[in-house]
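Below is one structure, written out as structure tokens, with a few remarks after it.
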Amino acid sequence: MSDVYAGLFYFAAFVLVAGLTNKVIQYARTPAPLKIPTTPAPTTKTGVALRLTREVVFFESLFRGSKWTWIFGWMFHFGLFLVTLRHLRYFLEPVPMPIQLIQPFGIYGGIAMVIGLAGLWGRRFLVDRVRYITALSDHLILALLITIGLSGLMMRFVVHTDIMRVKQFFQGLYVGQVYTLPADPLLLLHLLLVAVLMIIFPYSKLLHAPGLFFSPSRNQVDNPREQRHLAPWARRLEQD
Amino acid sequence: MKNESEPTNQGRRDFLGAAAGLTAAAVAPGMVLHTVDSEAAAPTGGVSDAHRWGLLVDTSKCADGCTACVDACDQENGLNLQSQPLGDDELKWQNQRATWIRKVKLQDNLTGQVTNLPLMCQHCEHPPCVDVCPTGASFKRADGIVMVDRHTCIGCRYCMMACPYKARSFIHEQVDQKLTRAPRGKGCVESCNLCAHRLDTGDISTACADACSAEGHQALVFGDLKDPTGPLRQALAKKPNRQIRQDLGLNTGVRYAGI
Amino acid sequence: SAMAKAEEVGDFVQPSSKAAAVENCVEPTEYMRRNHFELIRHQRDETVYGGIRGAKHSLSGCVSCHVGYDRQGTPIEIDAEGQFCSSCHDYAAVEMNCFDCHATVPKGEAWNHEVAAAHAHPTGAAPLAATSAER
Amino acid sequence: MAKADFEVPELQQYPEIPAVEPGVMAHSSPFKSKPQFQADLGFPGELVDDWQKKALDKMGDLLSRYRSLRVYLDSCVKCGSCTDKCHYYLGTHDPKNMPVGRQDLMRKVYRRHFTLAGRLFPKLVGAEDLTEEVLGDWYSYYHQCSQCRRCSVFCPYGIDTAEISMAAREIMDHIGVGQKYCNEIIGKVYKIGNNLGLPGPALADTLEGLEEDVFDDTGVEVKYPLDQEGAEILLVTPSADFFAEPHVDGLIGYGKVFHEAGVSWTLSSHASEAANFGMFIGSYENMRRVALRIREAAIKLGVKRIVFGECGHAWRVAYSFLNTLAGPWDFLDQRYPIPQHICEFTYGLIQEGKLNLDKSRNDDMVLTYHDSCNVARASRMGDRPGGQFDIPRAIIRATCNHFYDMDEETIRDRTFCCGGGGGLLTDDLMEVRVKGAQPRVEALNNVIQEKGVTHMAAICAICKSQFTKVLPYYGMDLDQIVSVHQLVSNALVLTGEETEDEDEAADEAA
Amino acid sequence: MKRIVYREWLVEPQRYWGLLAMLAGVIAVGGLSALYMEHEGHWVTGMTNSVVWGTPHVFAVFLIIAASGALNVASIGTVFDKVAYKPLARLSGLLAVALLVGGLLVLVLDLGRPDRLLVAMTTYNFSSIFAWNIFLYSGFAAIVIGYLWTMAERKGNHLQKPVGTFAFLWRLALTTGTGSIFGFLVGREAYDTAILAPLFVVMSFAYGLAIYILVLFYAFDADGRPIGQAMLKRLKNLLGLFVAAVLYFTLVYHLTKLYGAKNSDIEAFLLINGGLYTALFWVGWVLIGGLIPLGIVYHPELSKQRDWIATASALVVAGGLAAMYVIIIGSQAYPQEMFPGHTVIQFGAPGDVGGRVAPYSPSFPELLLGLGGVGVALLITAVGIRVLQFLPESLADRDVDPHASARHA
Ligand code: HEM
Ligand code: HEM
Ligand code: SF4
Ligand code: SF4
Ligand code: SF4
Ligand code: SF4
Ligand code: SF4
Ligand code: SF4
């Protein structure tokens, strides 16, 4: 069992990293021939960095667009963020101070994350416009995440697992050594789904995370009059 | 005095049972206890409302200049292990360090007569500290001892505001040295618990009363207010006594003779 | 690192502690690993509210059995780096604030442990020295 | 009230988000472009044989050339934030007019052919082949998008449906399925110099007429020069300004402002059009070709500055793309923004106190202001973000006494499109235009009811045309829409102008 | 009737972000102070076993009662159907929530063990008014948010009146509850009176309104929105009324205390020989927080000027803080009476005070923590009015109450 999971995680990590790198390189390589920031837009690079930060941290545009989605969406993502930080304790040795301090908040994050997901999912049934645009995959991703969250919370609050062994297992993977993974069903479920998540990440709508940073309507500086902006392929037109 | 308070006690017991529901629930009846390790002493059977512990202070016997009870309590409960934080003002520290029992000296405004007495938590039957505590950390055990569950105390200090006897102390500083039997840490409130750890192990005594006797003053009598034949009830019957701020109707477990 | 010691179950136990000489923990080791904190938390309420002391899952019991000793035979704080509690808790970054309040070495022991026996007076003079029977 | 063979939406006091009614607008699509118009732009005349493959190839090509397209097709999480933001959805209730619904028409094809998940599990991720039916939907619904970018404001990733509908139109053009209105007009620009096909002499004639009118009105000789070499400023303005109401009142206003500023200026018959429909069809090449006419005119006339008249998407192309498409502009005077908007120009003069404005001359109007979508969300004026909102308002406030904004959710960057932008300003799309105007007209109606507003000012030729046409459907007057520079024109007291007020003022002073 | 149009706060980004940065700075300093106090323990504060609640409580209680008072403006509009107050309602609700959050944060960070907040929120002792207050507070926040929703969302408009009325009743309960925290302390002379609860209610009216006025003026000033003369008059009259009521109840409080003869000592302490506390009472509570603002508000000329009304409001706030200081700290400093007819010569170890007035001097971290709470309240308000539509477009008389302005014209 431990061997299977070890293999699975090597594979998942490879897919995640390779797939994502590939995607990011593709985005970065594709030119943006025209200046199309949604205005009013910042006129400096710092301004753009701030704008993106606000989008990433507060989901500013979503806030303006839909308050309910924002509440649940933000709860979910912020929860996920805290959970991720908390989870670093399994992957780092020694555990850095900030990660130690964040531990208790990670648990609240886990709860918030599941509530947020439930809200987002509910909306897919209740709002007719959203129901119309929802594909099966949208439901499945939500189901996946919510199951990961619930199994995690179950381990935290109801059926405890042997954290030491879990960490040991992942520490071992770094050096190619397979330690025994505790054979707790919840843990195995949790980890299986996490691996699935890692594998689908580069091939699904989860690409929105890197996508945001490459969105021209958000990441461009509003200075077309001051600076000529020319894509390589457009420059070739000029040489004709 | 005795006749005045005891029936009340009896009558209120049912009410108490309800009020101290938490307490009752925590005393898991029929708990199976194992002894794994030969070293661990046999655990005790838990507290019940068959007793109500109390003290009688005979102020006439309390000696001027004596602080044996205070010192004994400090040692028993590790209070002497507190240390003044570097840089704290000496007088402020005296007012910040935890004190479970204090030696009080009074002068009668009319006669000028001086009285000495030790003042600690009075283990009220209707403790204001318990009434106000938001989390229920201040609680009264079935045997009448009022104490703080320092695992749920949030350090709001409302109980200190409520106690008419200034019996409680807040731990203002980090505590490095502590005894196994007397855990103590920054940010919680504590007060005299009638040496509960002794009672729980079957020893009917408190450190302060023991110390007073050891000094030969016998000013403190500890015992069960519900045991008509016990030493406390006998002593109470012998001497007229009252409660401090009797007007508040708290029916304290600590009584004073001679004030 | 702490992991080096953790090849086998039971390796967190300090060789110098009493536990090293004992066969078993208060519950099976696998169980203790996953649930020890539930046990002591439960015990805590029974002690504080019910006055039940010296029971199987008492924290002072854990400390007295698991605390390690140096060559001179003085106990080492159980939450010190690399000592029993910390060896796990540091590794897994689990905060443990019990020792904000609780003694990290058996000190003065609980009233019940050794002192109670020596202190069998119903009332009256008690040898004060006994109450602070430090190890 | 204008007659309609469809149901005109009812106006309400508060916006209502409609329930979806799938397919109700499937019938709406513009006339197809004729082969000759296609040829002018270098597109095949009619549907090519292996159109599916060609279309996918073109899509692949665009994916590799436009980061926006690639990222936008990948990133949507179907959050739904944009669903109730498009005026065409609000007015028509057709879910394919929800921005994400519109995007999905292309996204499902993208997923099927360009993503692993779509190739392996098409059903799961909603991927579909590019069938004839899908192409039909494309033609219908990508011509029910005015490319106003309102959706991009609310999308957490800034997904701009306009980019996708532009790409779709470009792909369709490349397989021979073009839209008559846009492509015919672009052809006219190539041949004659402007959208309306007004030849040079006709322009000169019109301008002369204007000069006479102004002189009659004010007694001041304000010039409206054409093709004057050596002028300092080249004014490029939408051709509607040359004759249609209320556009022409705006042009009169520009002239008066230049006159008061004391700068020499000129129009050009070669670049007699500010609009650039190349943007609407998503064709970089055509957009560039149109833009280059301005460069040519500027070089030929030897001007030092370029100023654009009131037109929304023209200003987007000018502000955001002109430097890219037709730059560098190193031969112009670098002390001024290149190009400059006429509002920036006028505002500057107002700031310097160079214009004598008598607000009371506009007292017959209570105004509100329509932020044209391309100005609001795709460009800027002045040197601070948001200048595009503040500068026109500042001009209006300086020229009239009664001004009220419409509801905050419907102005500034949240403004509702007039419903006629993006190449939809054609009679064969009347239903969409009327229905799409509903949210804007509703907000207008509210300030009419509550604040007694009588007129709405705008700075876009398409908005003005659209409203004059559409307002009557809602029981309003077509002349309730005015140019901002019409207000300036009214209020501006020209130097040397004889007015009764001045006489009075002189009396008072005495 | 005209629809009231609300717009986001449209100050320039530099000003807005500058303000946020400043408030964030204040909050950060407050946060660091709290961290310092928690890390070191409370010995670094002025607090002792005698004065157990210090400056943070002064701020916290002030903010909390001001929170319930701030909601008053909305209540007048909704519950008492005063049309002219309707446009003020949204800001009133926002401010109420913001002040409450600020106050509670201070309260929580001053706990001995703030890490056990979860304990405080999951275990209740229902006989404790303090625990009830936790419900009152969180309920208040929830109800006000619901109330705001009924104001903002058209589908909820018809619920506005019932929800508003409920919120009003709740807020009365809340201030009464806050007042009762002190009223229940039988062991402390100064608090042991029923008049404390109504006193807190009128204080909340006055302080809440004063803060409301300051925030309203600043926000309107910053993006150039008009406030009509009639509106100014209305607000300042209301302020005058509340301040007068505070003075009246203060008088009643001391009279009842003096009447109960055994309290004459503490009365003498507060009114005559209490040193700093006496000074704060007369100069802060009565003069600065009461008489001077009354003078301004009823002055025929000054009362028409916006700046003077703002000044009066600021004085009321300052006076309010002084009043809280006297009530909370003064009453703890005064020794608890345990042995009537006796003088306490010695009370425990030297330095431990029993019979004497307990010393207390606020330490910097305490003060900064309190100010941090104020910063949090203002930050929430600033962000709130910026991103949501809380502020009416105009409070010019003709927009607010067309009939009234027609009458005046
Ligand atoms: C930079 C990081 C990220 C940003 C800025 C971001 C932002 C957003 C936003 C604004 C939404 C739309 C609102 C909503 O439906 O919640 C969204 C949706 C979503 N995000 Fe993220 N996200 C990020 C990272 C992630 C990651 C790492 C995951 C997954 C592990 C994730 C999973 C999702 C999912 C599943 C949805 C769709 C929710 C639904 O179906 O309604 N996000 N994200
Ligand atoms: C390889 C990666 C992961 C490992 C090894 C892992 C392991 C664990 C373990 C052992 C727990 C139980 C914690 C406890 O008992 O205290 C847990 C909890 C949890 N996990 Fe994971 N997990 C992983 C990835 C994830 C991911 C990607 C998510 C979210 C999408 C997630 C969400 C949660 C949540 C919400 C909890 C409960 C709250 C908490 O304890 O933090 N986990 N996880
Ligand atoms: S030990 Fe006895 S005599 Fe000494 S102070 Fe205490 S009570 Fe008084
Ligand atoms: S004396 Fe004080 S601390 Fe003790 S029970 Fe009574 S009120 Fe509580
Ligand atoms: S300080 Fe602790 S015991 Fe006292 S009232 Fe607060 S929570 Fe209860
Ligand atoms: S009974 Fe025990 S705890 Fe209480 S004062 Fe006496 S020695 Fe101290
Ligand atoms: S760009 Fe405008 S018209 Fe097109 S989908 Fe978006 S909101 Fe609708
Ligand atoms: S707002 Fe953006 S991410 Fe959300 S559904 Fe619309 S296009 Fe997709």
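Residue numbering restarts at 1 for every chain, and letters A, B, ... go by the order of the sequence lines. Predicted, not measured: the structure shown is a model, and the values here were computed from it.
When side chains are defined from C-beta on, E/N49 counts as touching B/H172, because their heavy atoms get closer than 4.5 Å. Using a 4.5 Å heavy-atom threshold, the side chains of E/F339 and B/L117 count as touching. In this structure the side chain of E/R116 reaches within 4.5 angstrom of the side chain of B/C188, judged on heavy atoms.
Heavy atoms of E/M37 lying under 4.5 Å from chain B are absent altogether. Contacts between B/I244 and chain E at a heavy-atom distance below 4.5 Å involve the side chain alone, from C-beta outward. The contact between B/L106 and chain E is made by backbone and side chain atoms together, counting heavy-atom distances below 4.5 Å. For E/Q336, the part lying under 4.5 angstrom from a heavy atom of chain B is the side chain only. Interface remark: E/D110 contributes backbone and side-chain atoms alike to the contact with chain B (heavy atom separation under 4.5 Å). Only the backbone of E/E38 comes within less than 4.5 Å of a heavy atom in chain B; its side chain stays farther off. Contacts of B/L250 with chain E are absent, with no heavy-atom separation under 4.5 Å from either backbone or side chain.
Rounded to the nearest 0.5 Å, atoms NE2 (E/H42) and CZ (B/F170) are 5.0 Å apart. For the atom pair E/M338 CE and B/L248 CG, the distance stands at 11.0 Å (nearest 0.5 Å). Atom CZ of E/F347 and atom CG of B/N95 lie 10.0 Å apart (nearest 0.5 Å).
In this model, no donor atom of one side chain and acceptor atom of the other lie less than 3.5 Å apart for B/K92 and E/T48.
Side chain of E/W53 to main chain of B/C156: a donor-acceptor pair is present (N/O by atom type, distance under 3.5 Å, no hydrogens or angles). B/E173 places no side-chain N or O within 3.5 Å of a backbone atom of E/V44 that could act as its donor or acceptor partner. In terms of modelled atom types and a separation under 3.5 Å, the side chain of B/Q107 and the main chain of E/H342 share no donor-acceptor contact.
The minimum heavy-atom distance linking E/N125 with B/T135 is given by the pair CB-C, 4.2 Å. Scanning both residues, E/H57 and B/R157, for their nearest heavy atoms gives CE1-NH2, 4.1 Å. Scanning both residues, B/P85 and E/W43, for their nearest heavy atoms gives CB-CE2, 3.3 Å.
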For this session: Output, in order, the C-alpha distance, side-chain angles, deciding distance and verdict of side-chain contact (heavy atoms from CB on, under 4.5 Å) for B/K166 and E/S50.
Result: CA-CA 8 Å; B/K166 222 174 159 226; E/S50 301; 2.8 Å; yes
Problem set entry | Verdict with reasoning, E/V52 to B/M161, per side-chain contact (heavy atoms from CB on, under 4.5 Å) | CA-CA 7 Å; E/V52 302; B/M161 289 291 278; 3.5 Å; yes
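In terms of non-hydrogen atom pairs under 4.5 Å with chain E, the most contact-rich of B/C133, B/A137, B/S169, B/A162 is B/C133. Between chain E and the residues B/Q174, B/Q113, B/K186, the largest count of heavy-atom pairs under 4.5 Å involves B/K186.
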